[in-house]
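Quick caveat: nothing in here was measured; it's all calculated off a predicted structure. One is the number of the first residue; the rest follow in order along the sequence. Start at 1 and go down the list; that is how both ligands and their atoms are numbered.
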Amino acid sequence: MTSDTADALRAAYYERIAAQQMSPLWESLHNLVPKAPQPKALPAIWKYAQLRDLVVEAGSVISAEEAVRRVLILENPGLPGKSSMTPNLYAGLQLILPGEIAPSHRHTQSALRFIVEGEGAWTAVNGERTTMHPGDFIITPSWTWHDHGNPSVEDGGEPVVWLDGLDIPLVAQMDAGFAESYPEATQPLSRPEGDSFARFGQNMLPVRHRVSDPTSPIFSYPYARSREALDALYRNGELDEWDGVKLRYVNPATGGWPMPTIATFMQYLPSGFKGRAYRSTDATVYCVVEGKGTVKIGSGEFNFDAHDVFVAPAWAYVQLSASVESVVFSYSDRPVLAALNLLREERV
Ligand code: 1HN
């Protein structure tokens, strides 16, 4: 039998099994079980200087109330149509103008807000409000009521933009998405601002506190505190050749991640820092808080400035350099990889 005849017989056979919703594993085995991760997500950067006017313009296209959430989705160019930044994570830039309210709702997707620009808007989570400042990291855990608002111009309100990070693609993959709207625009407040932080944010816990869920009991991690910690460590001589000075955010009641599906980090890179290459099986979204530098991600290389967002797919080498002192926030799906025993990393 010639190989042409064998091929034709196979093709005909494949057609007949396809009619029964079957396919030959031997044709796709190498793709299904790659030797190393083959992410479809691409390294990419969103330059805030090019986006900012467009984000602000969304304010005249639709109101926060009509939009429910006035967000421009940042979509990875390697994942077209998927509203995803990485296979598990979503990213978007949300605008809230003075006097606006984004109505209360809850969903099983976990969310983080990282404040990019503007001051004084608030988010309410489970009966408590917190005021936003640039660089603050705020969580909205799975199934918690949350609404956002911004004081009127007369009360000092200004446009506020933040980066939303959610585990939307992960939850979609699991077919575990549920959502509902609160019957009113804002939820009732049951505790004054700062209450959770006083209970859980001071290296202390309420004396009879029992850990009942994996989610952090504090939902705001103010930038001033994170920045101060990084500064102090750098002054004390801490400097990792890969990370600069890098800390992870923590659930103070467990030592675990603030939310079960998303890890968050903040790192300080001194002026002139040239980091070594690092890769890991979690895919990471970065948001520059301060500074300027370059980042190599796989075969890509990007200049970054304050407020830029960039993404490192799984298993791509990442190398950060800073031309002036820089601070970079990041989030990833690390807790998911770690929980499933799929986390691998390499420091070159
Ligand atoms: C959401 O609830 C928010 O609460 C932002 O601000 C973005 C994207 C998809 C689904 C829910 C928010 C979201 C979201």
Side-chain angles (χ1 to χ4, degrees), residues 46 51 54-55 58-59 61-76 79 81-118 120-134 136-150 157 159-187 189 215-216 219-221 258-262 264 285 287 309 311 329 331 333:
W46 284 258
L51 308 183
L54 291 168
V55 172
V61 170
I62 194 166
S63 69
E65 196 185 354
E66 192 189 346
V68 181
R69 295 294 184 266
R70 190 205 284 118
V71 181
L72 299 185
I73 299 170
L74 308 183
E75 186 176 78
N76 190 296
L79 304 170
K82 297 218 181 298
S83 301
S84 299
M85 188 57 120
T86 76
N88 288 330
L89 296 172
Y90 155 106
L93 287 170
Q94 181 157 178
L95 170 72
I96 189 150
L97 295 174
E100 288 190 320
I101 285 180
S104 199
H105 68 188
R106 64 178 176 178
H107 37 71
T108 48
Q109 292 83 359
S110 299
L112 69 83
R113 331 272 159 213
F114 186 71
I115 317 308
V116 173
E117 194 189 349
W122 50 262
T123 193
V125 178
N126 268 355
E128 185 179 338
R129 269 190 192 178
T130 193
T131 303
M132 299 174 168
H133 316 275
D136 289 357
F137 157 56
I138 294 170
I139 65 170
T140 307
S142 178
W143 211 241
T144 55
W145 294 113
H146 56 284
D147 38 275
H148 318 299
N150 198 339
V160 173
V161 176
W162 66 78
L163 178 70
D164 283 315
L166 290 92
D167 55 8
I168 291 173
L170 173 71
V171 174
Q173 173 64 28
M174 305 278 181
D175 282 333
F178 294 89
E180 59 188 27
S181 296
Y182 196 76
E184 278 125 63
T186 56
Q187 63 185 296
L189 299 175
T215 294
S216 174
F219 55 92
S220 176
Y221 296 76
M259 296 186 287
T261 52
I262 310 179
T264 45
V285 183
C287 182
V309 175
V311 58
F329 170 83
Y331 66 97
D333 50 358

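- Looking only at distances, no side-chain donor or acceptor of Q94 sits under 3.5 Å from a matching main-chain atom of V71.
- Heavy-atom proximity to H146, at under 4.0 Å, picks out these atoms of ligand 1: 2 (O), 4 (O).
- Atom 11 (C) of ligand 1 has H107 NE2, 3.6 Å as its closest protein atom, hydrogens excluded (heavy atom only).
- Within the listing of ligand 1, atoms 4 (O), 6 (O), 12 (C) sit less than 4.0 angstrom from a heavy atom of H148.
- Between E180 and R106, at least one side-chain nitrogen of the basic residue sits less than 4.0 Å from a carboxylate oxygen of the acidic one, meeting the salt-bridge criterion.
- Close approach of ligand 1 to R113 (heavy-atom distance below 4.0 Å) involves ligand atoms 3 (C), 4 (O), 5 (C), 6 (O), 12 (C).
- For atom 4 (O) of ligand 1, the closest non-hydrogen atom of the protein is R69 NE, 2.7 Å.
- Judged by distance alone, with hydrogens and angles left aside, the side-chain atoms of E100 form no donor-acceptor pair with the main-chain N or O of S63 at under 3.5 Å.
- Taking every heavy atom of Y90 and a limit of under 4.0 angstrom, the matching atoms of ligand 1 come to 8 (C).
- Of the heavy atoms in T140, none comes closer than 4.0 Å to ligand 1.
- Of all protein heavy atoms, the one lying nearest to atom 9 (C) of ligand 1 is I168 CD1, 3.2 Å.
- Among the candidates T130, I139, T131, the single residue satisfying the side-chain contact (heavy atoms from CB on, under 4.5 Å) test with S220 is T130.
- Protein heavy atom nearest atom 7 (C) of ligand 1, with residue, atom name and distance: D164 OD2, 3.7 Å.
- Under the 3.5 Å distance criterion, the side-chain polar atoms of T108 are left unmatched by any main-chain donor or acceptor of W143.
- Near Q94, meaning under 4.0 Å from one of its heavy atoms, ligand 1 places the atoms 5 (C), 6 (O), 12 (C).
- The closest donor-acceptor contact from the side chain of N150 to the backbone of G99 lies at 3.5 Å or more, if one exists at all.
- The aromatic rings of F137 and F329 lie tilted to each other, with the angle between the two planes from 30° to 60°.
- Ring planes of H146 and H148: tilted class, angle from 30 to 60°.
- Some N or O of H105 is nearer than 3.5 Å to an N or O of ligand 1, by distance alone.
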